[in-house]
Amino acid sequence: MGNFEQPTSITIPAKPEYVGVARLVIAAFAGFLGFDNETVEDIKIAVSEACTSAILQLHKEGRPEDRSVEINAYAEDKRLVIDIGFATREATSIEKTRMHLKERDLGMSVLTSIMDKVEVVRTKDNGVILRLVKEIPG
Amino acid sequence: MGNFEQPTSITIPAKPEYVGVARLVIAAFAGFLGFDNETVEDIKIAVSEACTSAILQLHKEGRPEDRSVEINAYAEDKRLVIDIGFATREATSIEKTRMHLKERDLGMSVLTSIMDKVEVVRTKDNGVILRLVKEIPG
Amino acid sequence: MDLRIESKEVEGIGVIALEGEVDVYTAPKLKSRLIDLVDEGKYDIIIDLQKVEFMDSSGLGVLVGGLKRVKSHQGSISLVVTQENILKIFRITGLVKVFPIFSSEEEAVSNIKGS
Amino acid sequence: MDLRIESKEVEGIGVIALEGEVDVYTAPKLKSRLIDLVDEGKYDIIIDLQKVEFMDSSGLGVLVGGLKRVKSHQGSISLVVTQENILKIFRITGLVKVFPIFSSEEEAVSNIKGS
Ligand SMILES: Nc1ncnc2c1ncn2[C@@H]1O[C@H](COP(=O)(O)OP(=O)(O)O)[C@@H](O)[C@H]1O
Ligand SMILES: Nc1ncnc2c1ncn2[C@@H]1O[C@H](COP(=O)(O)OP(=O)(O)O)[C@@H](O)[C@H]1O
């Protein structure tokens with residue numbers, strides 16, 4: 001089995017019907033890394049929450065049709081890292097993202113109880129990454 | 001169900017261990033579009049052949065560690081289109097790609113008998129796309 | 001994957017059976033079906049989730065929204081859930097305390113009739 | 001997914017049982033195991049593919065390469081295949097005419113012993 005330290009990257013249009021694609025893609029990747037079926041199902045939920053949050057935030061900013069969400073999944077120090085990234089229009093984006101996540105309290109409680117770590121990271125150019133981390137078993 | 005006309009894009013490192021990831025991703029996408037399980041299995045084989053061909057060609061060109069393969073999957077006119085794209089180093093790349101595919105005769109016969117159409121398309125900047133097309137049922 | 005929704009009436013109670021995946025894409029379908037039921041005057045509603053393969057907080061949100069709606073008419077929403085993975089998100093979010101959860105439609109019906 | 005390879009000896013015949021996926025990543029493992037067997041002097045080889053979930057031309061290529069190797073010693077490669085999806089790629093590529101394909105290990109063994 002490979003070590004999968006280089007990211008597999010998936011870009012989906014910021015539209016609700018693509019969240020299911022993202023889920024399945026990451027489920028496939030997590031299965032490769034050796035997570036059991038139950039944990040893979042959990043990770044699917046977490047990815048779904050994070051992508052939903054990203055898409056809803058982009059929709060609030062308007063003109064969602066040309067926006068996309070980029071997901072990078074990779075292994076690092078025996079942990080699965082899933083970065084859900086999107087470009088926001090505003091410089092205050094990271095605070096907005098944190099607020100937006102808090103508002104979605106159901107989604108956040110699901111996300112944080114499933115994953116070992118959930119971070120919001122700012123990138124250059126007003127990009128925001130929701131970083132989900134889960135320890136790889138064994 | 002969405003129409004999935006906007007591409008879902010997956011980028012993998014040009015390494016053998018990532019071909020399995022690409023397979024599963026496209027299998028998930030094809031399932032979404034309504035292909036039955038048997039056809040999804042066939043499409044997995046086709047994607048595997050095309051990615052393998054791309055990766056082996058990149059390895060022949062050398063320095064494969066920084067190279068990647070970008071796969072775009074989308075629906076167009078009731079057909080699933082899977083574009084397997086990579087940047088080659090040489091201007092004669094499209095001829096090389098065709099030759100390379102012919103050499104891999106087992107792979108090519110698998111590919112062409114599974115898919116409705118297999119094309120090699122040149123893009124700007126010495127890029128090459130292996131385009132696989134399969135009609136969506138129903 | 002998609003969400004299929006079937007509604008029927010059992011002893012005056014509105015029963016919705018779901019099959020498939022409930023997420024941000026499909027949850028609006030469920031929401032409008034719930035609104036329709038309430039508009040028809042059904043305030044005691046059973047939602048059968050036994051054939052749901054996937055559900056995230058978008059689905060939970062619609063259920064919570066529906067509950068608010070029926071409560072303003074002294075109604076109720078009961079759930080039928082038997083799969084461990086679906087029960088789990090109700091537990092994680094504390095919604096097991098908000099919705100009565102049953103392991104069959106019949107149980108849910110007799111609980112509503114008995115109360 | 002990975003490829004697990006087990007080898008054993010049955011009446012002097014080398015038997016390799018595969019489980020998992022055979023593709024460009026895992027095929028080299030199979031190739032080196034085949035080479036080892038030939039180096040050990042096993043020229044009649046049975047490869048049991050019944051637990052193979054996925055195989056593409058990388059796997060076929062290794063089988064063809066192995067066949068060339070054993071043939072130079074008047075040997076043979078017999079396959080055990082029972083799944084329709086795996087049989088299919090042997091049919092597509094015409095390799096059903098190149099490899100004798102059996103539906104059990106015992107059948108393959110008695111065919112080799114009988115010939
Ligand atoms: N994805 C979600 N995450 C967290 N809470 C949610 C989510 N969706 C809805 N909610 C909450 O559930 C309730 C119902 O929301 P909604 O389905 O939009 O119905 P309504 O439009 O009738 O309020 C709201 O109070 C909202 O805060
Ligand atoms: N992926 C492939 N597609 C088509 N033909 C292949 C492929 N891999 C190997 N072959 C063919 O199968 C034979 C065996 O190849 P290989 O496994 O590299 O063994 P060897 O190195 O001993 O020749 C070769 O003749 C080659 O042409």
Side-chain angles (χ1 to χ4, degrees), chain A residues 1-35 37 40-41 43-44 47-48 51-52 54-55 58-59 63-76 80-87, chain B residues 1-35 37 40-41 43-44 47-48 51-52 54-55 58-59 63-76 80-87:
Chain A
M1 178 159 315
N3 56 21
F4 296 105
E5 283 172 7
Q6 280 178 267
T8 293
S9 168
I10 311 107
T11 304
I12 55 167
K15 292 185 166 181
E17 61 262 47
Y18 286 87
V19 171
V21 177
R23 266 202 305 272
L24 286 181
V25 168
I26 300 301
F29 191 78
F32 256 81
L33 292 182
F35 287 99
N37 285 347
V40 167
E41 283 304 309
I43 291 170
K44 268 168 81 171
V47 169
S48 201
C51 288
T52 298
I55 288 176
L58 289 173
H59 278 238
R63 305 223 315 129
E65 32 321 327
D66 355 299
R67 322 284 298 264
S68 59
V69 176
E70 180 179 324
I71 305 160
N72 281 280
Y74 51 97
E76 188 178 78
L80 164 65
V81 183
I82 306 166
D83 282 352
I84 285 132
F86 54 100
Chain B
M1 173 150 334
N3 56 22
F4 295 104
E5 283 173 6
Q6 281 178 266
T8 293
S9 166
I10 309 106
T11 304
I12 55 168
K15 292 184 166 182
E17 61 263 47
Y18 286 88
V19 171
V21 177
R23 268 201 304 271
L24 286 180
V25 168
I26 300 302
F29 190 79
F32 256 81
L33 292 182
F35 287 100
N37 285 346
V40 167
E41 284 305 309
I43 292 170
K44 269 168 80 170
V47 168
S48 200
C51 288
T52 297
I55 288 176
L58 289 173
H59 278 238
R63 303 219 319 125
E65 13 350 307
D66 355 297
R67 321 285 296 264
S68 59
V69 176
E70 180 180 323
I71 305 159
N72 280 280
Y74 51 96
E76 187 178 79
L80 163 64
V81 183
I82 306 167
D83 282 353
I84 285 131
F86 54 100

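In what follows, every chain begins at residue 1, and chains take the letters A, B, ... in the order their sequences are listed.
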Seminar exercise, completed: For B:Ser48, the side-chain hydrogen bond (donor to acceptor under 3.5 Å, both in side chains) test, sequence neighbours excluded, returns B:Arg23, D:Asp56
Exercise. Of A:Val25, A:Leu24, A:Val21, which is the lone residue that meets side-chain contact (heavy atoms from CB on, under 4.5 Å) with B:Phe29?
Worked result: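 Per the side-chain contact (heavy atoms from CB on, under 4.5 Å) rule, the option paired with B:Phe29 is A:Val21, out of A:Val25, A:Leu24, A:Val21.
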Problem set entry | CD1 on A:Ile10 to CD1 on B:Ile71, rounded to 0.5 Å | 10.5 Å
Exercise. How many angstroms lie between atom CG of A:Asp66 and atom CD of B:Gln6, to the nearest 0.5 angstrom?
Worked result: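 Nearest 0.5 Å value for the CG-CD distance: 8.5 Å.
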Exercise. Between B:Pro16 and chain A, which part of the residue has a heavy atom less than 4.5 Å away: side chain, backbone, both or neither?
Worked result: neither
Problem set entry | Minimal non-hydrogen separation, A:Pro13 against B:Pro7, with atom names | CD-O, 3.6 Å
For this session: Please list, chain by chain and in numerical order, all residues satisfying ring pair (Phe, Tyr, Trp, His ring centres under 6.0 Å) with A:Tyr18, sequence neighbours excluded.
Result: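 With sequence neighbours excluded, A:Tyr18 shows a ring pair (Phe, Tyr, Trp, His ring centres under 6.0 Å) to B:Phe4, given in chain and number order.
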